[in-house]
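Convention: sequence-line order gives letters A, B, ...; per-chain numbering from 1.
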Amino acid sequence: MRDVRAELQEIFRQVFDDPTIVLRDDMTATNVEGWDSMAHIDLLIAIERALGVKFATAEMSRLKQPDQNIGSLIRLIESKLQAG
Amino acid sequence: MAVCSLAFLFFCAAVSIVYHLAPGKWLRQLILACASGLFLAPLVPDLRSWVWFAVALAGTYVALVLVRARPRGRVVVAAVTLVLLLYLYLKRYRLLAEFIPFEIIPFPLAWDMRLHPVELVGLSYMAFKIIHMLVDQWQGQLAPFNLWTYLNYQLSFFTLTAGPIQRYNDFLRYWEEIDLKPSDMRESLLFWIRILTGMIKVGLIGAYTESVFHSAAGLHRTSSDALTVFYAFPIYLYFNFSGYTDIVLGAAGLLGFRLPENFNRPWLARNVLDFWDRWHMSLTHWIRDYVFMASYKVAATNFPSAARYWGYVLLFLAMFLACVWHGATDGFVIFGVLNGLGAAATRVYGDVLRATLGRSGLHAYMHNRTVRIFAIMINLHYVGVSLLFFNSDINRAQAILRGAVREIAHLPTTVFTYSWEGMPVAIEIALLLFVLVLLTAAWKFDAFSVFIARLALRFSTRNGWLLTILCVQCAIVVEMFFFDWAFQQEPPPVLYMAF
């Protein structure tokens, strides 16, 4: 079983160039400095490359909603990995 | 039926009562469909418009079914292209009409748009909805649909005329899970307060600022008139459109539907990107998702080393599209260029700051109160300049801009030589207090916001207070419509219905 959280944390640190980032489930875009629309795509492309998953436009959009957080992102990735 | 009218108020009340008395989900869906039909009927002027309406709906539904049957990239591209061509043909953008000979399109003469233009209410919003459905269907993200749900989604009277752009899956969630519980008293009061707040915004404040703007624009003799136009138009536009949004959000809420918000204090934005994230949000988010994110993802995947520069260009294009969508006249093109440049410049400036100040320096900069107030003021005026070209002739916009700049340049002289004689002392004190309160609110904005939020919470938790507010609003709205009736004035139109 892959440790999605650990891999995701590493991706976050690289994309936002911040080695101090520690992911929590309740974290949102407002908790990470510089997480705007462009950084959002950079982040999702990095996740797609590292974890071998694909995000649809509606999913990318949904992840920008105020009620979405790191927990939602992890659950989405895990469901994609399980689906193969 | 005008949204800001007594007729719409009674319409909402009648639909809400019948809807809540209906015992089952299917019956409630039927009532909603009938309400949308009743709302639509007077907005379609003639048979030709009805036929084009049916052609647009049937054509887009067939395209959607085709994409469901064959979810391939080429099919989606073809379907989206057809939707866009149909949209451009029906909208007949003035700027495009100069380059494209629409009359050569082989339709019978009687249906030629040049000779007999049709009026299709909400055409732009229907186009946004179908494009999002086509893309989501292709990517396997769209909830199940059929002709019944599709028509109700497209023609829903909450969003038909001027948005907000609700996504299909969100619509279907409320459509399928219609709440059969009796409605909550407090929630109902809050929705009615929202409807009446919207009516006061459109019919009173919007109408007043519109009259100030029109009279100054009509006179347009002095630079003071130009300055009045410069400040009055954005205020009018905000109250007109945000008021409309309040009305439809409240109406939808009465029937258990939640629509996306369209405004979030846009005049407090500190840059152009921030402004568009607060103004007509459902459109901006649609453009962000289906234009910017989709194209930037392709660029960043294929050209990773130049991704940042592609980002600037695509940001410009996305913002340009968001503005030009309003209408491809030369004024809207300049409006689009200014906002596109503003968005790209914001991004470049942010990257430069990040590179020069570092993470901690950027954090301090972003949270500096003085910087924020200056940024808000600069952005307010930049957006104000771009709005001069909104739905306006370029020469007129330039003349207003020149006059406003001249007036601002003379502002210190005007202030120091202004004659206060003849003005009652009480009014002078009230004006000074007002300016002081404004400055304090701007300086201590966070504390001020918390204070307002606490006050709103205190009032909104007690039904007695809500009922009192509602009664006061009812009195204002009844008086407002009485004046319209007495002076034989039409209810103020919603400007965004024209787009």
Quiz prompt | Aromatic plane relationship, B:F257 with B:Y174 - under 30° parallel, 30 to 60° tilted, over 60° perpendicular | solution = tilted
Self-check item: chain A contact residues among residues 130-138 of chain B, heavy-atom distance under 4.5 Å
Solution: B:V135, B:D136
Self-check item: Minimum-distance pair of heavy atoms, taken over all atoms of B:S156 and B:F171
Solution: CB-CE1, 4.4 Å
Self-check item: Among the listed options B:M366, B:R167, B:R308, B:R347, the residue most often paired with chain A at heavy-atom distances under 4.5 Å
Solution: B:R347
Quiz item: Any ion pair linking B:R258 and B:E187 (charged N to carboxylate O, less than 4.0 Å)?
Solution: yes
Quiz item: Do B:Y296 and A:D42 have side-chain atoms, one donor and one acceptor, less than 3.5 Å apart?
Solution: yes
Quiz item: Is it true that a side-chain atom of A:R13 and a backbone atom of A:I21 form a donor plus acceptor pair closer than 3.5 Å?
Solution: yes
Quiz prompt | Atom CZ of B:R70: over 12 foreign heavy atoms under 6.0 Å | solution = no
Practice problem: Decide whether B:D289 and A:T57 meet the rule of one side-chain donor and one side-chain acceptor closer than 3.5 Å. | Solution: no
Quiz item: Which of the residues A:I41, A:I45, A:L44 is involved in the greatest number of heavy-atom pairs with chain B at under 4.5 angstrom?
Solution: A:I41
